[in-house]
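The model shown is predicted, which means the values in this text are computed figures rather than measured ones. Quick note: residue numbers are just sequence positions, from 1. When a ligand or atom number is given, it counts from 1 through the structure's own listing order.
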Amino acid sequence: MSAKSSRPQPPRSSAAVEDYLERILELINTKGYARVVDIAQSLKISQASVTNMIQRMDADGLLKYERYRGMALTASGEALAKNITRRHRILTDFLRLFGLDEELIYHDVEGMEHHVSPPTLNAIETLTVQLRRQPALLARVRQ
Ligand code: ZN
């Protein structure tokens with residue numbers, strides 16, 4: 001018997017789900033609500049695909065979706081959204097130390113945020129604090 005065939009499905013906190021949660025929380029924080037049309041625009045995906053994903057996330061208990069009233073994150077959806085937002089912020093703060101192009105930073109962070117482990121994230125956060133305290137070292141690193 002192959003181990004592969006009996007392997008359980010991975011949890012739905014995939015990179016795509018994390019991107020949705022990140023965008024939804026951002027929309028709720030800035031506009032007060034998140035609509036399918038706004039998410040579609042922000043992620044550059046069709047509204048039909050967004051609706052599909054939102055319905056799956058509703059079924060997974062990450063949010064509550066009502067076609068004409070929009071959506072609200074559940075407690076677990078919000079916890080995941082805050083976690084991905086935190087990863088995004090820590091990685092962005094770190095890369096900004098090096099004076100890199102903002103667009104490049106955003107692009108890289110959008111990839112890295114899905115893969116970074118908690119211990120690595122903590123190390124990066126600590127390193128960011130330390131580098132900020134040592135401008136001379138930071139200046140050398142930036143060259
Ligand atoms: Zn992000």
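Leu138 has its side chain within reach of Leu97: a pair of non-hydrogen atoms, C-beta onward, lies under 4.5 Å apart.
Ile39 and Ile84 fall into different hydrophobic clusters, defined by Ile, Leu, Val, Met, Phe, Trp and Tyr side-chain heavy atoms under 4.5 Å apart, directly or through other members.
Checked against ring-ring contact (aromatic ring centres under 6.0 Å, His included), Phe98 has the following partners two or more places apart in sequence or in another chain: Phe94. Residues satisfying the side chain to side chain contact (heavy atoms under 4.5 Å, CB included) criterion with Arg86, sequence neighbours excluded, are Arg89, Ile90, Leu121, Asn122, Glu125. Considering only residues two or more places apart in sequence or on other chains, Lys44 meets the side-chain hydrogen bond (donor to acceptor under 3.5 Å, both in side chains) condition with none of them.
If you count the protein N, O or S atoms nearer to the Zn ion (ligand 1) than 2.8 Å, you get 6.
Enclosure of atom CD in Glu103 is not indicated, since only 12 or fewer non-hydrogen atoms of other residues, nucleotides or ligands lie within 6.0 angstrom.
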